[in-house]
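Take a look at the structure below.
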Amino acid sequence: MNTTLKEGINWVGYIDWTVRDFHGYKTESGSTYNAYLIQDDKNAVIDSVKAPYVEKYLNHIKSFTSLDSIDYIVCNHAEPDHSGGMPGIMAACPQAELVCNAKCKKALEQHYNTEGWKWHVVADGDAISLGKRTLTFVDTPMVHWPESMFTYIPEEKLLFSMDAFGQHYSSAFRFDDEEPLDVIMQEAKTYYANIVMLYGRPISQTLAKAAELDIEMIAPSHGVIWRSHIKEIFEAYQKWVVCKPAPKVVVFYGSMWHSTEEMARTILEGAQEYDVEAQLFDVDSTHMTRIVTEVLDCAAVAIGSPTLNNGILPSMASVMCYLKGLRPTQKKGFAFGSYGWSKKGGPNEIGQMMEDMKIEIMQDPIRSQYKPTPELLEQCREAGRSLGKEAEQYR
Ligand code: FEO
């Protein structure tokens with residue numbers, strides 16, 4: 001496995017082939033926790049790995065240099081998938097300074113026993129010379145936590161971008177041109193939608209900061225390192241940060257006795273009369289990770305639930321809670337679903353949730369008492385056409 005980013009700069013992280021859950025995100029492709037070793041007059045390590053893998057991480061470092069040669073350990077982000085190994089490496093490298101910003105220091109102190117750690121607190125724009133190379137630091141708040149920052153080496157045109165531009169993707173290869181581009185771009189999109197979609201504004205500010213840097217390589221904290229497709233991932237992020245609508249309709253639903261399902265299929269058929277991509281998901285057979293990824297760039301969305309106990313289906317509630325937290329923008333749509341006797345719950349509740357999410361509501365919820373009649377299905381088809389027409393304008 002080639003781990004060399006530049007001469008004297010190596011990947012020393014951990015490939016997590018089997019992880020399948022990341023606080024709700026179904027990581028079907030596993031992940032990596034990327035850490036990097038820079039060998040210069042002074043040696044620095046960028047980030048660590050999840051706590052259980054600290055021994056393997058230390059062994060990676062030891063395959064290049066002794067642990068007592070490490071002068072600086074940079075923590076770009078305090079989330080435990082990257083900082084969990086910090087107590088282990090700080091104990092193994094007692095002379096090393098932990099380099100981070102003030103917010104990160106506080107977060108690390110709240111997570112770990114940091115007694116005896118040597119701190120080197122940096123502010124936005126600060127620099128540390130390693131000899132031939134310089135570490136410079138760029139605060140990137142809310143990408144992904146308040147303390148997040150980038151580390152940049154101007155002499156190498158190399159950006160350590162922490163969570164930004166990452167993918168939950170395990171692979172024997174470390175670089176973007178060693179993997180199929182469509183696969184890693186899809187993984188980057190899934191990662192963006194499920195981890196940072198709600199931080200579109202701070203990420204767009206971060207992109208503006210990054211655009212001022214001369215970048216030849218981007219080394220994120222997860223997945224492959226970008227060296228051949230930087231333009232492609234930057235352009236994709238420019239779209240994702242604003243949830244830029246594509247000519248695409250998404251219909252997702254839950255159903256008990258197929259009434260809401262029949263409505264969903266008919267709505268989709270209406271949308272398909274237009275020249276748009278159209279996708280249908282049953283929340284009981286499709287994980288929410290996939291659904292929010294598809295919502296990220298759709299122009300129009302219809303969401304359906306039957307009425308259960310004066311509410312909505314629990315599986316749909318789970319998806320709606322997740323989607324609401326991730327805050328997709330620039331979407332239009334409507335709610336639909338069936339009911340028996342209760343005016344509460346079901347389609348009305350979904351409609352209110354969509355309003356709360358700031359989805360632009362195109363019409364009142366379509367409601368079917370028990371099985372949908374031919375007339376009601378025609379209403380669904382017409383509503384589906386309105387979704388298709390809305391999405392087609394983005395072609
Ligand atoms: Fe990969 Fe926000 O941690």
Side-chain angles (χ1 to χ4, degrees), residues 11-36 45-54 56-57 73-89 98-101 103-108 110-112 137-151 159-171 174 184 187-207 210 218-226 233 237 240-241 289 292-293 322 325-327:
W11 177 90
V12 289
Y14 180 78
I15 303 170
D16 195 346
W17 295 97
T18 57
V19 64
R20 289 293 179 269
D21 178 73
F22 205 91
H23 44 60
Y25 174 169
K26 192 173 185 186
T27 50
E28 299 213 56
S29 304
S31 192
T32 68
Y33 315 113
N34 295 339
Y36 304 94
V45 173
I46 309 286
D47 292 319
S48 73
V49 297
K50 259 190 187 174
Y53 313 121
V54 68
K56 296 223 180 287
Y57 159 68
I73 299 161
V74 177
C75 184
N76 279 324
H77 179 23
E79 193 165 10
D81 51 332
H82 310 296
S83 70
M86 287 299 174
I89 190 169
L98 191 296
V99 180
C100 66
N101 62 32
K103 284 182 190 164
C104 189
K105 177 174 184 278
K106 186 172 179 202
L108 292 172
Q110 290 171 314
H111 276 85
Y112 310 109
F137 306 100
V138 182
D139 281 344
T140 59
M142 302 320 296
V143 187
H144 158 222
W145 280 10
E147 83 298 341
S148 299
M149 71 174 190
F150 286 172
T151 299
L159 180 69
F160 297 99
S161 65
M162 181 253 316
D163 278 345
F165 310 114
Q167 328 96 54
H168 279 317
Y169 184 62
S170 56
S171 162
R174 304 273 58 83
I184 55 171
E187 292 291 352
K189 181 180 175 185
T190 304
Y191 181 93
Y192 181 90
N194 284 271
I195 298 283
V196 288
M197 177 155 55
L198 75 163
Y199 303 124
R201 187 181 296 245
I203 294 173
S204 72
Q205 290 162 351
T206 295
L207 287 180
I218 299 176
S221 293
H222 299 285
V224 297
I225 296 157
W226 302 92
I233 190 64
Y237 260 65
W240 297 337
V241 292
T289 301
V292 302
T293 304
Y322 193 55
L326 288 166
R327 280 189 234 154

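Computed from a predicted structure; not experimentally measured. Heavy atoms only: backbone and side chains are in, while hydrogens, waters and symmetry mates are out. Order of appearance sets the numbers: ligands from 1, and atoms from 1 within every ligand.
- Contact annotation: the side chain of Met149 never approaches that of Cys104 to less than 4.5 Å [non-hydrogen atoms, C-beta and beyond].
- A 4.5 Å side-chain heavy-atom check between Phe150 and Met162 finds at least one atom pair inside the cut-off.
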Could you pull out all donor-acceptor pairs under 3.5 Å where a side-chain atom in residues 192-201 meets a protein atom, sequence neighbours excluded?
unit_1: Tyr192; atom_1: OH; unit_2: Trp240; atom_2: O; d: 3.4
unit_1: Asn194; atom_1: OD1; unit_2: Tyr322; atom_2: OH; d: 2.7
unit_1: Asn194; atom_1: ND2; unit_2: Thr190; atom_2: O; d: 2.9
unit_1: Asn194; atom_1: ND2; unit_2: Thr289; atom_2: O; d: 3.3
unit_1: Asn194; atom_1: ND2; unit_2: Thr293; atom_2: OG1; d: 3.1

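- Distances from atom 1 (Fe) of ligand 1 under 2.8 Å pick out these protein N/O/S atoms: Asp81 OD2, His82 NE2, Asp163 OD1, His222 NE2.
- Put simply, CD on Glu79 and CG on Asp47 are 12.0 Å apart, with the number rounded to the nearest 0.5 Å.
- The nearest pair of heavy atoms linking Pro146 to Lys103 is O-CD, 3.6 Å.
- Taking 4.5 Å as the limit, some side-chain heavy atom of Phe165 sits within range of a side-chain heavy atom of Leu207.
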